[in-house]
Amino acid sequence: MKPIIEVKNISKKYNISHQRGGYVALRDTLTTMLRNPFRFAKQKIKNSVQGKEIFWALKDINFSVQKGEVIGIIGRNGAGKSTLLKILSQITPPTTGEITLRGRVGSLLEVGTGFHPELTGRENIFLNGAILGMKKKEIAEKFDEIVAFADIDKFLDTPVKYYSSGMYVRLAFSVAAHMDPDILIIDEVLAVGDAEFQKKCLGKMNEITKKDGRTILFVSHNMNAIEQLCKRVIILNEGALIFDGPSTKGLKLYANKGLGLEQEKKWEIENAPGNAVVKTLRTFTHDAHFATSATFDITKEIGITIEYQVLEKGHIFTHGINLFNQDGTNVFNSHDVTSKQRLIQREKGMYASTVWIPGNTLSEGIFTVGIALFKPTPFILHILQENVLAFEVIDHVRGDSARGTYHGGFPGIVRPLLTWETKKYEK
C-alpha cells in the first residue's frame with residue numbers, strides 16, 4: 001500500500017531583508033550598550049549590513065506516513081515545525097522538493113486560520129466543510145455533533161470575531177475533527193484550550209485513529225500529550241530532520257541531548273578565557289548529581305558550575321552568572337555574596353564553583369548563561385563570557401508545577417510554585 005503522505009527532498013527558503021535606518025532613541029542605545037556590550041557590538045555589525053540574507057527554514061526533509069499513523073513532530077522554537085505543516089497543508093509551497101498527499105487534509109494551525117471573522121459560527125461550519133469538499137447534506141449530518149463537541153451552542157449565530165481564543169479553537173478543532181479528513185494536521189494552537197478541552201481533543205484524536213483509521217500529524221511542546229498519542233515522532237532541529245522513529249526513543253533523545261544547546265564548554269589552558277591570574281577551563285549545566293544536561297524538568301533544581309585554575313596566589317575572587325531568556329530579557333544576575341570562600345585569598349590550583357537555581361523558579365523556555373570571575377572591591381574583572389551555555393526548562397504538566405493541570409498559555413519569565421490559602425468568612 002502506498003503511503004498516504006510522501007515528503008521528498010523538501011526545502012523552504014526565505015529572503016530576509018536587512019536595512020539601515022529606523023529610529024532608535026539614544027537612551028535605548030546607551031542602555032543596551034551598558035547592559036550588554038557584546039550584544040550591542042554584534043547588533044551594530046548586523047544592522048550595518050544591507051541587502052538580503054537567505055534563510056533556509058527547512059533543509060532536505062524526507063519522510064513518509066502510512067494511513068492510520070499518528071506522528072508527533074517536535075523541536076524547539078524556530079526548528080521549522082510550523083513551516084513544514086504549512087507546506088503539508090498546501091498553504092505555502094516548498095522551494096525545492098515535492099509532497100504527495102493521498103487523501104483529504106484538515107488543518108488546525110493558527111488561531112484565526114480558516115474562519116471568516118464576519119461570519120457566524122454556524123456559517124463558518126458550512127464554509128469549512130465546503131472548503132474540504134463536502135456537500136451541504138454531509139455537513140448538515142455532522143452539524144449537531146460539531147456544535148456539541150465545541151460547546152458553543154449559545155454563540156452559534158454570533159460572528160466569530162467576537163469569540164474568545166478558547167471558543168475559536170474549540171470550534172476550529174471540532175470542525176477539523178468531525179469533517180472526516182483523511183489527514184488531520186494540528187499545530188500547537190491546542191494549547192489555547194483549557195485542560196478539560198485538551199483531554200477531549202486527545203480522546204477524539206485517539207478515537208478517530210483507532211476507529212476510522214485517520215492519519216494525524218501533531219505538533220506540541222507538551223511531551224506528555226505526544227507520549228500518550230504518538231507511537232512515532234519526528235524531531236526537527238534548525239530546519240533539518242534529525243530523528244524519525246519510536247516516540248519513546250525520540251522523546252528520550254530530545255530530553256537528554258539538548259539538540260544544539262550548549263550544556264558544556266571546555267577550553268585548553270593556552271586559549272582559555274582569563275589572564276595571568278586565573279583562567280576558566282570548563283563550565284557546564286547539570287542536574288543534582290552533576291550529570292551534564294541541557295534540558296530540565298521545571299520542578300527540578302538546575303546547577304551551573306565554573307571550573308577554573310588559579311595561576312597566581314593571593315587573589316580574592318567572586319563568581320557570577322547572568323541569565324537571559326530566548327526573547328533577550330535579562331532574567332537575573334547572581335554572584336557570590338554569602339560564602340566564606342569569597343573572602344579567602346586563593347592558593348594556586350584548580351577550583352570549582354557551583355550555583356543552584358531552585359526548582360519551580362523559571363518558566364518554560366530556553367535560557368542562555370553568561371559567566372564571570374571578578375574581585376568585587378575594588379572591582380577587577382578577570383573573566384567574562386557571555387552566552388556561553390544554554391538550556392531548556394520543560395513543564396511536563398503532571399500537576400506538580402505552578403501550571404498544575406492547566407495546558408493553556410502561561411506567560412511570564414519566572415513560574416514560582418506559591419502557597420495559596422482560602423478562608424470562608426463566617427457571618
Side-chain angles (χ1 to χ4, degrees), residues 1-10 12 58 61-75 80-94 97-111 113-115 124-125 127-135 138-139 141-142 145-146 149-150 169-190 200-220 222 225-226 228-236 241 244-247 250:
M1 184 183 294
K2 288 185 178 181
I4 195 167
I5 301 172
E6 286 186 275
V7 175
K8 296 180 181 178
N9 304 314
I10 289 293
K12 181 64 178 178
L58 293 173
I61 304 296
N62 291 274
F63 65 90
S64 61
V65 182
Q66 296 296 328
K67 178 177 169 52
E69 277 196 284
V70 184
I71 298 180
I73 301 176
I74 59 178
K81 305 184 299 297
S82 294
T83 300
L84 177 60
L85 295 196
K86 286 176 181 177
I87 290 173
L88 291 172
S89 301
Q90 299 177 300
I91 293 172
T92 186
E98 61 180 20
I99 60 168
T100 303
L101 302 170
R102 298 183 174 94
R104 189 162 60 191
V105 178
S107 298
L108 182 56
L109 302 181
E110 300 170 2
V111 176
T113 302
F115 281 176
N124 270 294
I125 291 172
L127 173 64
N128 267 256
I131 290 171
L132 285 172
M134 298 180 71
K135 295 178 180 178
E138 292 178 281
I139 302 168
E141 289 173 354
K142 295 281 185 179
E145 198 177 343
I146 290 169
F149 188 92
V169 167
R170 291 204 303 273
L171 181 58
F173 178 86
S174 189
V175 169
H178 287 86
M179 288 297 187
D180 295 334
D182 301 297
I183 303 163
L184 184 57
I185 298 175
I186 303 175
D187 204 347
E188 186 68 30
V189 67
L190 282 184
K200 280 180 70 174
C201 291
L202 290 173
K204 186 63 180 177
M205 286 188 277
N206 262 318
E207 177 191 324
I208 64 177
T209 53
K210 291 176 181 177
K211 181 182 176 183
D212 304 325
R214 310 271 183 80
T215 301
I216 296 179
L217 300 184
F218 180 44
V219 167
S220 179
N222 184 341
I226 293 285
Q228 286 179 44
L229 193 64
C230 310
K231 292 183 179 178
R232 173 184 167 194
V233 297
I234 287 171
I235 303 178
L236 297 179
L241 192 158
D244 181 357
S247 59

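From a predicted model like this one, the values you see are computed outputs, not experimental measurements. As a basis for the values below, the full set of heavy atoms in this structure was taken, side chains included, without hydrogen atoms, waters or symmetry mates.
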Side chains of [X] and [Y] in contact at under 4.5 Å (non-hydrogen atoms):
X	Y	result
Leu58	Ile87	yes
Asp244	Arg232	yes
Ile99	Ile5	no
Val70	Cys230	yes
Ile73	Ile226	no
Ile234	Leu236	yes
Pro93	Lys12	yes

Quick test of your reading of the model: are Glu6 and Arg102 salt-bridged, counting only N-O distances below 4.0 Å?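 Yes, this pair counts.
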
Between CD of Glu207 and CZ of Arg214, what distance do you get to the nearest 0.5 Å?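 Rounded to the nearest 0.5 Å, the CD-CZ separation comes to 9.0 Å.
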
Nearest 0.5 Å, please: how far is OG1 in Thr100 from NZ in Lys8?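 So the gap between those two atoms works out to 6.0 Å.
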
Tell me if a side-chain donor or acceptor on [X] pairs with a main-chain N or O of [Y] at a distance below 3.5 Å.
X	Y	answer
Lys81	Gly75	yes
Lys210	Gly68	no
Ser174	Arg170	no

So which atom in Gln66 and which in Lys2 form the shortest heavy-atom distance, rounded to 0.1 Å?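 Minimum heavy-atom separation between Gln66 and Lys2: OE1-O, 4.1 Å.
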
